[in-house]
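Just so it is clear, the values below take in all heavy atoms, side chains as well, and ignore hydrogens, waters and symmetry mates.
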Amino acid sequence: MSIRVLLVDDHLVVLKGLRFFLQTQSHIELVGEAQNGEEALQKIEQTHPDVVLLDVMMPKMDGIETTKHIINNSPEIKVIILTSFSDQDYVLPAIKAGAHGYQLKDVDPDILVETIEAVMDGQKKLHPDVTNQLMTHITEDEKNIDMLTSREATVLKHITYGQSNKEIAAELSITEKTVKTHITNIFGKMEVQDRTQAALYAIKHKWFN
């Protein structure tokens with residue numbers, strides 16, 4: 001099945017370039033374009049995309065607010081931020097808003113396709129510069145892996161491998177529902193918002209060798 005993508009950017013040259021490249025991908029279907037957040041929300045209701053490729057700086061409604069609206073009202077839709085900005089003023093709010101991916105506009109086109117595929121598979125896909133920003137700003141409160149049960153620690157380890165809930169369930173011979181329960185408990189104990197923050201904290205503090 002093809003991946004339905006909505007493009008959102010206030011620069012027509014960027015839209016044209018994205019359209020030209022993505023139309024060469026047989027498994028990606030472009031369902032529409034918008035030039036600001038308000039228009040994007042209207043187009044989502046009309047086109048029902050799987051993925052929204054979204055700029056941060058736009059008139060009327062910026063990418064952060066647009067992401068919040070999408071995640072709150074259509075949580076099944078994956079949001080990928082595609083922008084020129086990699087500093088914390090944009091990265092952290094975007095991730096907290098629920099963005100599933102964050103790439104810069106100078107990214108290799110093939111990496112952009114990989115990002116679209118990854119988020120559809122339930123993964124987070126971030127530009128290295130963005131990952132560095134998150135690593136720097138993850139809370140430094142003392143946390144120890146001992147706060148997790150043995151099973152929770154195992155699930156977290158698989159999260160650091162970038163595996164989806166389905167893959168973790170198959171690996172551990174448990175249901176996806178059980179995996180989700182473990183992940184909810186992990187987030188609560190670690191006081192993090194999502195898989196990316198949990199994985200980065202575990203990696204940074206060398207919880208797993």
Side-chain angles (χ1 to χ4, degrees), residues 3 50-54 64 67 71 75-83 85-104 107-108 110-209:
I3 302 173
D50 299 310
V51 175
V52 177
L53 209 55
L54 187 66
I64 306 300
T67 297
I71 298 302
E76 73 282 1
I77 295 177
K78 310 299 184 182
V79 177
I80 299 172
I81 299 295
L82 183 64
T83 183
F85 303 98
S86 63
D87 57 278
Q88 61 176 335
D89 292 338
Y90 298 98
V91 171
L92 299 181
I95 298 302
K96 288 180 179 179
H100 303 85
Y102 197 115
Q103 291 290 354
L104 302 184
V107 69
D108 184 285
D110 290 336
I111 298 297
L112 181 58
V113 172
E114 289 178 10
T115 300
I116 293 173
E117 295 170 341
V119 300
M120 283 299 296
D121 195 36
Q123 302 176 43
K124 291 271 190 177
K125 192 76 172 180
L126 309 176
H127 190 281
D129 290 350
V130 174
T131 302
N132 289 337
Q133 286 286 348
L134 288 177
M135 290 285 282
T136 301
H137 292 91
I138 288 177
T139 176
E140 290 299 331
D141 292 342
E142 284 299 322
K143 298 182 179 70
N144 191 291
I145 193 171
D146 292 339
M147 73 172 68
L148 306 179
T149 66
S150 176
R151 179 62 88 180
E152 289 167 355
T154 301
V155 169
L156 177 58
K157 186 174 184 178
H158 284 280
I159 290 175
T160 66
Y161 295 158
Q163 292 182 321
S164 65
N165 288 359
K166 183 177 182 180
E167 290 170 330
I168 296 173
E171 189 84 16
L172 302 181
S173 299
I174 57 179
T175 66
E176 286 188 59
K177 183 178 180 180
T178 300
V179 173
K180 291 179 181 178
T181 299
H182 286 315
I183 291 175
T184 298
N185 292 337
I186 291 168
F187 290 174
K189 291 179 179 180
M190 294 183 67
E191 299 180 347
V192 296
Q193 300 296 317
D194 56 37
R195 304 164 72 95
T196 301
Q197 292 182 2
L200 289 175
Y201 189 95
I203 293 170
K204 182 177 181 180
H205 290 81
K206 300 179 180 179
W207 282 7
F208 307 110
N209 296 321

I need the minimum non-hydrogen distance between Phe208 and Ile145, along with the two atoms involved.
CE2-CD1, 3.6 Å
Could you check whether any side-chain N or O of His100 sits under 3.5 Å from a backbone N or O of Ile80, counting only pairs where one atom can act as donor and the other as acceptor?
no
In Å and rounded to the nearest 0.5 Å, what is the OH to CD distance from Tyr161 to Gln123?
15.0 Å
Between Ala169 and Thr175, which heavy-atom pair has the shortest distance, and what is it?
CB-C, 3.9 Å
Quick one: are Arg151 and His182 in side-chain contact, heavy atoms under 4.5 Å?
yes
Ignoring hydrogens and angles, tell me if any N or O in the side chain of Lys124 forms a donor-acceptor pair with the backbone of Ala99 under 3.5 Å.
yes
Heavy-atom distance under 4.5 Å between the side chains of Tyr90 and Ile64, does that happen here?
no
Taking only residues two or more places apart in sequence or in another chain, which ones pass salt bridge (charged side-chain N to carboxylate O under 4.0 Å, His left out) with Glu152?
Lys189
Intermediate values then yes/no, side chain to side chain contact (heavy atoms under 4.5 Å, CB included), Glu167 and His158
CA-CA 9 Å; Glu167 290 170 330; His158 284 280; over 6 Å; no
Could you give the distance from CG (Asn165) to CD (Glu176), rounded to the nearest 0.5 Å?
6.0 Å
Where do Val119 and Gly101 come nearest, in terms of heavy atoms and distance?
CG1-N, 4.2 Å
Taking all non-hydrogen atoms of both residues into account, name the closest pair between Ala199 and Ile159 and its distance.
CB-CG2, 4.1 Å
Using a 4.5 Å cut-off on heavy atoms from C-beta on, say whether the side chain of Met190 contacts that of Leu156.
yes
Would you check, one step at a time, whether the test side chain to side chain contact (heavy atoms under 4.5 Å, CB included) holds for Thr178 with Leu172?
CA-CA 10 Å; Thr178 300; Leu172 302 181; over 6 Å; no
Taking atom CG of Asp121 and atom CD1 of Ile116, what is their separation to the nearest 0.5 Å?
14.0 Å
Gap separating the CG atom of Asp108 from the CD atom of Gln103, nearest 0.5 angstrom
10.0 Å
Do the side chains of Leu112 and Leu53 get nearer than 4.5 Å, heavy atoms only?
yes
Please round to the nearest 0.5 Å and tell me the distance separating atom OG1 of Thr115 and atom CE of Met120.
13.5 Å
Spatial distance of atom CD1 (Ile168) from atom OG (Ser173) [nearest 0.5 Å]
13.0 Å
Would you indicate whether the side-chain heavy atoms of Tyr102 and Thr196 approach each other to under 4.5 Å?
no
Give the minimum heavy-atom separation between Leu104 and Phe85, together with the two atoms involved.
CD2-O, 3.6 Å
